[in-house]
Amino acid sequence: MPVLTTSRLHELQSNANNIRNICIVAHVDHGKTTLADNLVASNGIISQKLAGQLRYMDSRKDEQERGITMKSSSISLSHTFKEQEYLVNLVDTPGHVDFTSEVSTAVRICDGALVVVDVVEGVAPQTKAVLKQVWNEGIKPILVVNKIDRLISELKMTPGDAYKRIVRVIEQVNAVIGELFSSEIMEKAEKNVHTDEDIDDSEVYFIPSVGNVVLASAYDGWGFTLSDFALLYAKKLGVSYKDLLEKLWGDFYYSAKSKCIMDQAEQLGRKPLFVQLVLENLYSVYNAFLKKDKNIIEKITSMTKVHIKPQELNRSDSKMLIQSFMSKWLPMGGCILDCVCDLVPSPCGLSDKRVERLLSKFDKPFSSLPPETQALKPFFVSCDSKEGTPVIIFISKMISVPGQYVTRINRQTLTAEEMDRKHREAKDKYLQKMERLKLGEEEVDTGEAISEDHNTRSSQEIMIAVGRIFSGTVTEGDELYILGPKYDPELGLKDKRQEVEVGDIFSQKAITRSRIGKIYALMGREMESIGKVYPGNIIGIGGLQDTIIKSATISDSLACPAFTELIGSSMPILQTAIQPKELTHMSQFVKGLKLLNQADPCARVYIDDSGEYILSTAGEIHLQKCINDLEEHYAGIKVLCSDPIVPFRETVVADDLKKGAYAKPEYLVEGSVVGCHCSVKIRAAPLPGTVVGILDENSELIRVASDIVNAKIDPASSICLSQRLSHACLSTSPQWAKPRMAQ
C-alpha cells in the first residue's frame, strides 16, 4: 500500500464514519511496539523485514537503548476494508508501570484498544491495570494473543497442549473482565441505580468465534482470526461458513467417517476442531521451514499460493524464511486492521454513557448540569462538522518535539523521475562541496557555521498539544476558550459579560482565551502540517504552550465543562531534590522545570519548605527519563540530584484498636518475609461512622479549603471563593453558631 499523502489524509479526515481511533495497551515486553511496526509496515512506511527491529514508534534514544516504550506515540494509517478506505489513528503506549499515565492519556482519546497478551507469560499485573483503564473509559477492546510461535519453536509444545495454553490465557483475561463487570453492577446496586435483572454480558467477554480475539506472532509478522480459517475450510469440509465459525472453537471435532462436525471431543478423546484444522497446519509449516525441507515447502507454497523468491530459500537463517512466508500468508497488519475497522466504533458511535461520563464529575451527575451544557450531548454523538456546531476538543497531554520533525509540510509521493532528479541534485551539491573544500579552510569554516546554525534552529524544541476533536471544525487562527480542570460552566454562564483575555498557564485561572496555532497530523516520528481539521480526529496543535499545563478542554462555548480527570493516572511517589550544576544557569533551570512539569503527565515539580526544588516521579526509570529530558531538551544544562526517596505518610495511635469493636479478628493481618526471619502484624480498621458522617456532610467545606491551600487565589476569584466558604460554613455549622457566623 502506498504511503499516505497529505492531500489524501485530509480527505479521509473529513469522513468521521470511516475513522477509527485505536491504542495498543499491554504489559511490558508483551509485543506492543513490534505489533505497531507490523501495522506501520502494512502502509509501506517501513519495510516488513524491519518490523520488530526498527521500533519505528520509539523515537527517543533511551527507548531504543532500553528496548521499552516510555511515551505514547500516534500515527495515521489508511486501510481498505470491504471496498471502503478507512483512516486508522493508531496510538502505541508504554507497558512499564512507571508510565501508566501515558496509557491514560491515550485511552481517553481513543474508541478502541488492542490488548496484547503474551501467551507464554499470560495475564501480568500491568495487563490487569490496562484492562481496568479500558473498561473505565468505556472503549471497545480487541484481544491479541501474541507470541504463538514460542509455543511451537521454543517450548516445543504439542498442538493439543498449545491449544490448552491459549484457552487458559483467554479465560484469565475474561476472568479480569468478569471482575470489572461484577464490581460495576454492585456499585450501581449500592447507588440504587436501576439495572435489568437479566443483563446480557456476552458482549463484554473475549470469544474467538465472535471475532474479537486475534491469535498472532508479531515477531514473525502473522496473525489471524477464526473467520480466516472458517473461510478456508468451509467448502472443503462441506459445511456452512457460519456453522464452522461457531464450532471451530470449543469442544467440537470433525468426524471423517460421518463427514460432519460433532461435539464432546474431550469426552471421546478426540482432537478439538481448532487443533485439527489450525494448529496442526501451523506446526507443519514451522517444522518444514525450520528443517528446510524443500519438497514440503514447495507443496505448502503452491497450496497457499504464496510466492517465495529463490534467494530467500537459500538463506542460512531459517527464522527469516519463516517470517517471509508467514507475513505473506497470514499478514498481521491486514488482519488486525480488518478487526479494527469492523469492531471498533467510529467517532460517530460515541455512546450516551461515555459522553455523560466525560462531561460530569463523580460528585456532579449529568442531570444536574446546566441545560446549555446538557444540550451539547447530541453534538458529541453526531460528530458534526457543519458551520455553527460548537467546537469541543480535549487535550490529553503536551509533548515536546524537535524542530526538524515538524518542518516537513505537505509530503507527497515522488515519482521515479522526481526521485532521479533529486538524486542528481544531491550528487551535484556534494561535488560542489568537495570542490569548495579544496579552496581553503575559510570556506569550510563558513559552511560549518551555516550548518551549525541550521542545526540549532532545526533542533529547537516545540511544544505541541495532543488531543482529539469531539465536535466542530478547527482552523488555524481560531480563538477558543481554554478551560482548566476547575472551570464550572454554571459560574461561566452566569457572568457572560466578562471579557476573557489571553491568559498565562501559571496564573491559576480556571479559564483563558487563546489563538490556535499550527495544526498537525501525527505521523509517528514526524508531523504533517494541515490547515484545517474535522471532528473525530487525533491531532497536534501548536501555539498553546502558554495556556495549557498537562491537559485541558478547549471550546468556543462557555457552556462546555472541563472534562473529567484522566482515569488510572499513576501518582508520583519517588522524590529527589534537584538543582543546576552551575548556579549561574538558574534561570534556564527554572524554565526547564516548567516545561518538564507541563509536558510530562505524571511528573510533579514544586518547591518545599526548605527552598529546594523537588522532582516527584512514578519510579526510577521515569526519574531517569525526566532528568534526561531536562538536560537534553528543556533546560540544556547539567543538573545535580540527591538520592531518590519514597516519602511515607502514616499515623500512630494508642492501643485502642485492640479493644472493643476494633478487636475483631478480620481487622488483623499477619505476614512474614521469605525464610520466616521476620513477621509483621498490621491491624487496620475503618473510620468511625461519626467521622465518616462529618466528612461527608462537610465535603463542600473541605473542597473550598483545599482550593485555598493548593492554589494562588487572585483578587477577582477570592470574592467568589469567600462567598462559597461562608455558604459552606453556614450550611455545615451547628444551629447555635449560625447567627454569630453570619455577623
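Quick caveat, the model's predicted, so the values are computed rather than measured.
Checked by atom type and distance alone, the side chain of S182 never pairs as donor or acceptor with a backbone atom of E179 at under 3.5 Å. In terms of modelled atom types and a separation under 3.5 Å, the side chain of R20 and the main chain of V344 share a donor-acceptor contact. The main-chain N or O of L369 is found under 3.5 Å from a side-chain atom of Q374 such that the two form a donor-acceptor pair. Listed for the N146 side chain is no donor-acceptor partner under 3.5 Å among the backbone atoms of V116. Between the side chain of Q598 and the main chain of I548, a donor-acceptor pair closer than 3.5 Å is present. The backbone N or O of C339 sits nowhere less than 3.5 Å from a side-chain atom of D342 that would complete a donor-acceptor pair. Although no hydrogens or angles enter the test, the distance criterion places a donor-acceptor pair under 3.5 Å between the side chain of H622 and the main chain of A618. When atom types are taken as modelled, the side chain of N212 and the backbone of I207 share a donor-acceptor pair closer than 3.5 angstrom.
D92 and T33 are linked by a side-chain donor-acceptor pair at a separation below 3.5 angstrom, with hydrogens and angles left out of the test. For S557 and S555, the side-chain atoms include no donor-acceptor pair closer than 3.5 Å. Side-chain atoms of E85 and N15 include no donor-acceptor pair closer than 3.5 Å. For the residue pair K550/S396, the side-chain donor-acceptor check at 3.5 Å is not satisfied.
Between F470 and F380, the two ring planes are tilted [angle within 30° to 60°].
Ion pairing between R168 and E171 fails under the 4.0 Å rule for side-chain N and carboxylate O. Salt bridge D58/R525: absent, no basic N to carboxylate O contact under 4.0 Å. A salt bridge does not link D338 to K82: none of the charged side-chain nitrogens sits closer than 4.0 Å to a carboxylate oxygen. Between E356 and K377 there is a salt bridge, with a side-chain nitrogen of the basic residue lying less than 4.0 Å from a carboxylate oxygen of the acidic one. Salt-bridge check for K71 with E63: passed, with a basic side-chain N closer than 4.0 Å to an acidic carboxylate O. Salt-bridge check for E184 with K353: passed, with a basic side-chain N closer than 4.0 Å to an acidic carboxylate O.
Relative to the six-membered ring of F563, R108 misses at least one condition, a distance below 6.0 Å or an angle of at most 45° to the axis.
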Please walk me through it: do K397 and S72 pass side-chain hydrogen bond (donor to acceptor under 3.5 Å, both in side chains)? CA-CA 10 Å; K397 70 170 185 174; S72 57; 2.8 Å; yes
